[in-house]
Amino acid sequence: MSIINNIQNNTIDSLRALYNKSFTEKDFQVNQTKPEFEGDYTVVMFSLLKALQLSPDVIGKQLGEHLIKSYPEIYTGYNIIKGFLNLSVADDYWINLLYKNYNDICYGKKEMNGKKVMVEYSSPNTNKPLHLGHLRNIFLGWSYAEILKANGYQVIKSCIVNDRGIHICKSMIAWQRFANGATPQSTGIKGDHFVGDYYVKFNDAYKDEVAQLIATGKTKEQAEKEAPIMKATQQMLLDWENGKPEVMELWKKMNSWVYEGFDFTYKNIGADFDKVYYESDTYLLGKDIVKQGLEKNVFYKKDDGSIWINLQADGLDEKIVQRSDGTSVYITQDIGLALQKYEQYKIDQSIYVIGNEQNYHMKVLQLISKKLGMPNAENIYHLSYGMVELTTGKMKSREGTVVDADDIVDEMITTSKQHTEALGKVQDFTKEELQDLYKTIGMGAMKFYLLRVDPKKTMVFNPAESIDFHGFTGPFVQYTYARIKSILRKLETADTALNQQQLTNSGLLKLEKELIIAAEQYPIVLEQACTEHNPSLIANYIFNLSKTFNSFYSEHSIAKAETEEKKYVRVKLAMFTANIIKSSMQLLGIAVPERM
RNA sequence: GGUCCGGUAGCUCAGCUGGAUAGAGCAUCAGCCUUCUAAGCUGAGGGUCAUUGGUUCGAAUCCAAUCCGGAUCACCA
């Protein structure tokens, strides 16, 4: 049980004993005491005054005395300032906590709870390579899936690949017309970039054709509709839907190039999936559901044959679920897939990591699912994240300001190499060890940078800041870990009798206690990150823990502690910190080096 | 126009289920390496928490209005 829980329970019990009144933990707040006051944790008494009809001084005194008397193993002192009851917690309490947990690599994690959750993240189109926005999505989804696991859930990581549609046909048409049979192999260009280049070529050619048509006197709308390359693309989509062999073959070939490229990137950044869905398999799903919905009068048919749902009673609008020509729209397949996920895996929760531009769409999806009475409708959760912008504004593919995922990853690794070489600390590393280290640090910086911000907020990507390895960064935390491991290695060889030290009680120094208190909070943070769908809580926490350790480290020597007993405590403290850093960074997808 | 999200230090962000004098990092300035890794530590300056009103013992936090920025409201996905 956490210290805060203890204080809440003890306070409730004491108040009942003292005043014969019942309170819950919601009736008063327990905070960490501000550094300028004496004490470790504080009970805020203002909210109790009315119910008890007593002054804060009286309540504080009686409550403080009662707590010390009833729980001497926890509370050693108190003081009252205005309505704040500041409690001092016994050093033994902290030391026991330290000894109990310092070597537990599962500290903070929960037992399996029997619940199954699917987390869908990274839903790429197969006509363009991944970019910075995808990275935020992928890191977020992956990390949140790991946070769920640490909180006792069974997790299925999934991905839906948007591998069909008009946008895919665009790159296919462009390849047919402009490639002269070129392939990623023949050009040496990574498959997803290769295909993406033809998508760009399509748009260039399309723009030219539109301009020419306008020059002949057509309006812009006419020109956009009539441009031959666009017509060819639309024809290709029809051919695809009819399964025309040469179109299918080209489609398969070009997608396979893209997948090869994606696989490389996913592997490079440490993303993985348990189940991959393809839109080409799922786009027809949902039509049966539409039919059933029509019978149940959830949907209705307009005169032209199109099928709709009216969501006006829920504050939304009418929404089409099937076109007049009988084909399905985006939302239709999503309804189908939502049901399929449930039926295939019997999941208790279905989480979608998707950008906030689709907030409306996801709201509609959930609402329709509910109205259809789908079993999992209540448990659909949209983990909505904000866009990544540049210091110069939004990323726009048309203006070529999109930051490519592979490029930025390479850049981070190169930068970490330069920093590391400049510091000259790891000259005895082998080539392979160096490569590993550069990647660990570069990826650590990148992931931490994208994960440290509250997911739902739009964030600004500042290139100079992202490659900074000082302060609130991944490498700062990694460095803290490496320093601890360095100390522990030396002590291991120097002093094997360390574990035999007996402990008397000589009290904890301020920074020692601060560090234990910070470590004690990890399980709460881990749980909070889960319930709030927010990995940034972990990033913020682990930075704070690392900072606390670094202050402690510079102030007090571990190896040359004042006494053997102090040394013993500090070694445990260092191990505790290192274990928490390692396991929490793992939840962010960030590795920590033994040396750097 | 409707709906949703946001506005906190020069910049990037915490804090938002109301609590003590609003915090970090970067940048700027001043210190600290013969002592466990200086990718570190210590300190200084820097704020009308968008504005106005309300709720109360107490508001960056809750409510209302206003201003500014963004997203979305397709027989696109």
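Chain identifiers are assigned alphabetically (A, B, ...) following the order of the sequence lines, protein sequences preceding nucleic acid strands; residue numbering begins at 1 within each chain. Heavy-atom basis, side chains included; hydrogens, waters and symmetry copies ignored.
- Of the candidate nucleotides B:rG40, B:rA20, B:rA14, B:rA14 has the atom lying nearest to any side-chain atom of A:Asn540.
- Not counting sequence neighbours, the partners of A:Phe429 by the side-chain contact (heavy atoms from CB on, under 4.5 Å) test are A:Val426, A:Glu433, A:Leu434, A:Leu437, A:Arg595.
- Side chains of A:Thr327 and A:Asp325: a donor on one and an acceptor on the other come within 3.5 Å.
- Between B:rU37 and A:Lys490, a contact under 4.0 Å exists linking OP1 or OP2 to a side-chain N or O.
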Wobble G-U and Watson-Crick pairs count when both distances are under 3.5 Å; given that, what is the 5' to 3' dot-bracket string of RNA chain B, with | for pairing to other strands? ((((((((.[[[[.)...(...]]]].(((((.......))))).....[[[[[..)....]]]]])))))))....
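- The distance between atom NZ of A:Lys456 and atom P of B:rA14, rounded to the nearest whole Å, is 9 Å.
- Backbone-only engagement by A:Asp454 is indicated by non-hydrogen atom pairs under 4.0 Å involving sugar-phosphate atoms exclusively.
- Residues satisfying the side-chain contact (heavy atoms from CB on, under 4.5 Å) criterion with A:Leu509, sequence neighbours excluded, are A:Glu512, A:His556, A:Glu562, A:Lys566, A:Arg570.
- For A:Ile81, the listed nucleotide lying nearest its side chain is B:rA20; candidates were B:rG40, B:rA20, B:rU72.
- Annotation: the span from A:Gln29 atom CD to A:Ser47 atom OG amounts to 7.5 Å, rounded to 0.5 Å.
- Scanning for ring pair (Phe, Tyr, Trp, His ring centres under 6.0 Å) contacts around A:Phe23 gives an empty result, with sequence neighbours left out.
- An OP1 or OP2 oxygen of B:rA14 is reached within less than 4.0 angstrom by a side-chain nitrogen or oxygen of A:Lys457.
- Heavy atoms of A:Ser384 sit nowhere under 4.0 angstrom from any nucleic acid atom.
- Base engagement by A:Phe46 is indicated by at least one non-hydrogen atom pair under 4.0 Å involving a base atom.
- Within the 4.0 angstrom heavy-atom criterion, only backbone atoms of the sugar-phosphate kind lie near A:Phe476; the bases stay farther away.
- Within 4.0 Å (heavy atoms only), A:Thr420 reaches at least one base atom of the nucleic acid.
- Residue A:Asn356 is classed as a sugar-phosphate contact, given heavy-atom separations below 4.0 Å to backbone atoms only.
- Residue-to-nucleotide proximity on RNA chain B shows that, of A:Tyr449 and A:Pro475, the 5′-proximal contact is made by A:Tyr449.
- Taking side-chain N and O atoms only, A:Arg483 has a distance below 4.0 Å to OP1 or OP2 of B:rA38.
- Ring-base stacking between A:Phe37 and B:rA20 is satisfied, the centre separation being under 5.5 Å and the plane angle under 30°.
- Scored by the salt bridge (charged side-chain N to carboxylate O under 4.0 Å, His left out) test, A:Glu226 finds A:Lys218 as partners (sequence neighbours excluded).
- At whole-Å resolution of the value, CD1 in A:Ile484 and C1' in B:rG40 are 13 Å apart.
- The residue A:Ser557 sits close to a base: some heavy atom pair falls under 4.0 Å.
- By the side-chain contact (heavy atoms from CB on, under 4.5 Å) test, A:Tyr360 pairs with A:Leu316, A:Asp317, A:Val364, sequence neighbours left out.
- Side-chain N/O atoms of A:Gln29 include one lying less than 4.0 angstrom from OP1 or OP2 on B:rG18.
- Within the nucleic acid shown, A:Val460 comes within 4.0 Å of sugar-phosphate atoms alone, with no base atom in reach, counting heavy atoms only.
- The base of B:rA38 lies outside donor-acceptor range of the side chain of A:Ser554, with no N or O pair under 3.5 Å.
- Stacking between A:Phe84 and B:rA20 is shown: the ring centroid lies under 5.5 Å from the centre of the six-membered base ring, and the planes differ by under 30°.
- The aromatic ring centres of A:Phe202 and A:Tyr199 sit 6.0 Å or more apart.
- For A:Ala232, the side-chain contact (heavy atoms from CB on, under 4.5 Å) partners two or more places apart in sequence, or in a different chain, are A:Ile173, A:Arg177.
- Atom CE in A:Met459 sits about 13 Å away from atom C1' in B:rC11, given to the nearest Å.
- The closest side-chain heavy-atom distance from A:Asn579 to A:Tyr102 is not below 4.5 Å.
- Across the protein-nucleic acid pair, A:Asn79 atom CG and B:rA20 atom C1' stand 12 Å apart, rounded to whole Å.
- Comparing A:Asn550 and A:Ser306, the nucleotide of RNA chain B nearest to each residue sits closer to the 5' end for A:Asn550.
- Going from the P atom of B:rU55 to that of B:rA9 covers 28 Å, rounded to whole Å.
- A:Leu237 places its CG atom 12 Å from the C1' atom of B:rC76, with the value rounded to the nearest Å.
- Glycosidic conformation at B:rC33 (O4'-C1'-N9-C4 for purines, O4'-C1'-N1-C2 for pyrimidines): syn, within 90° of 0.
- Remark: the A:Asn127 side chain and the B:rA77 base include no donor-acceptor N/O pair separated by less than 3.5 Å.
- For the ring pair (Phe, Tyr, Trp, His ring centres under 6.0 Å) test, residues two or more places apart in sequence or in another chain that qualify with A:Phe576 are A:Tyr107.
- Residues passing the ring pair (Phe, Tyr, Trp, His ring centres under 6.0 Å) test with A:His382, sequence neighbours excluded: none.
- Contacts between residues 277-286 of chain A and RNA chain B, defined by a heavy-atom separation below 4.0 Å, involve A:Glu279, listed by number.
- Look at A:Tyr553 and the base of B:rC36; the rings stack, centres closer than 5.5 Å and planes less than 30° apart.
- In this structure A:Asp334 satisfies the salt bridge (charged side-chain N to carboxylate O under 4.0 Å, His left out) test with no other residue, sequence neighbours excluded.
- Residue A:Lys302 places its NZ atom among more than 12 non-hydrogen atoms of other residues, nucleotides or ligands, all under 6.0 Å distant.
- Across the protein-nucleic acid pair, A:Leu488 atom CG and B:rU37 atom C1' stand 13 Å apart, rounded to whole Å.
- When the side-chain nitrogen and oxygen atoms of A:Ser486 are compared with OP1 and OP2 of B:rU37, one or more of them lie within a distance under 4.0 Å.
- Across all strands, A:Asn86 comes closer than 4.0 Å to base atoms (heavy-atom distances).
- Taking atom CG of A:Asp428 as the reference point, atom C1' of B:rU37 lies 12 Å away to the nearest angstrom.
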What protein N or O atoms touch nucleotides 22-27 of chain B N or O atoms at under 3.5 angstrom, if any, and at what distances?
residue : atom : partner  : partner atom : Å
B:rG25  : O2'  : A:Phe472 : N            : 3.3

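- Distance from the side chain of A:Lys394 is smallest for B:rG70 among the nucleotides B:rA77, B:rC36, B:rG70.
- Per the geometry, CG belonging to A:Leu537 stands 16 Å off P belonging to B:rC13, to the nearest Å.
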